[in-house]
Amino acid sequence: MSPWERQLKILELLCIVRHSTCDELAFRFGVSNATIRRDIAVLKYKFPVETSCGRYDGGVWVEEGYYLHRKPDRNELNEEQTAVLRKMLLVTDAYESKVISGILIQFAPRPVAP
């Protein structure tokens, strides 16, 4: 996977889970923490990606209301279903993560960005 492909996958994942850490992303993508930090630096210049240092509130996220995919007039998961799938996404293997991400991208409710 090229760096740009990985960066887009990171952005897609952040749009689903909304918040993560560099350690979690490094583990999920099988790269070093330094590689993730470089990827995040690139994403911050092109997308509304934010970071913060700190043991409890630190991490990386996309701005509230920002989503890559928005499909109007479709069936959507309810909030409880979406929350459970987002939690499952953090503890699944790569294949299951890909399937769950696809479900969330297609069916999770999202507010329309202003």
Output the distance between atom [atom1] ([X]) and atom [atom2] ([Y]), rounded to the nearest 0.5 Å.
X	Y	atom1	atom2	answer
Glu5	Phe29	CD	CZ	11.5 Å
Leu25	Ile36	CG	CD1	5.0 Å
Ser101	Arg86	OG	CZ	11.0 Å

Are [Y] and [X] connected into the same hydrophobic cluster when the rule is that any two of I, L, V, M, F, W, Y join if their side-chain heavy atoms are below 4.5 Å apart?
X	Y	value
Val42	Leu11	no
Tyr45	Leu8	no
Tyr95	Ile100	yes
Met88	Phe27	no

What is the minimum heavy-atom distance between Leu77 and Gln81, and which atoms define it?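 So the two residues come closest at CA-OE1, 3.3 Å.
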Minimum heavy-atom separation for Val60 and Thr51, please, with both atom names.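 Looking at all heavy atoms of both residues, the closest pair is CG2-CG2, 3.9 Å.
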Using a 4.5 Å cut-off on heavy atoms from C-beta on, say whether the side chain of Ile10 contacts that of Val49.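 Answer no - side chains too far apart.
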Taking only residues at least two apart or on different chains, which pairs with a member in residues 26-51 satisfy salt bridge (charged side-chain N to carboxylate O under 4.0 Å, His left out)?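 Listed by first then second residue: Arg6-Asp39.
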Donor-acceptor check, side chain of Thr82 to backbone of Asn78, threshold 3.5 angstrom: yes or no?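 Side chain of Thr82 to backbone of Asn78, a donor-acceptor pair under 3.5 Å: yes, one is there.
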Scan the side chains in residues 13-22 for donor-acceptor partners under 3.5 Å anywhere in the protein, sequence neighbours excluded, and list what turns up.
from  : atom 1 : to    : atom 2 : distance (Å)
Arg18 : NH1    : Cys15 : O      : 3.0
Arg18 : NH1    : Tyr66 : O      : 3.0
Arg18 : NH2    : Glu63 : O      : 3.0
Arg18 : NH2    : Tyr66 : O      : 3.2
His19 : NE2    : Gly58 : O      : 3.2
Ser20 : OG     : Glu24 : OE1    : 2.9
Thr21 : OG1    : Glu24 : N      : 3.1

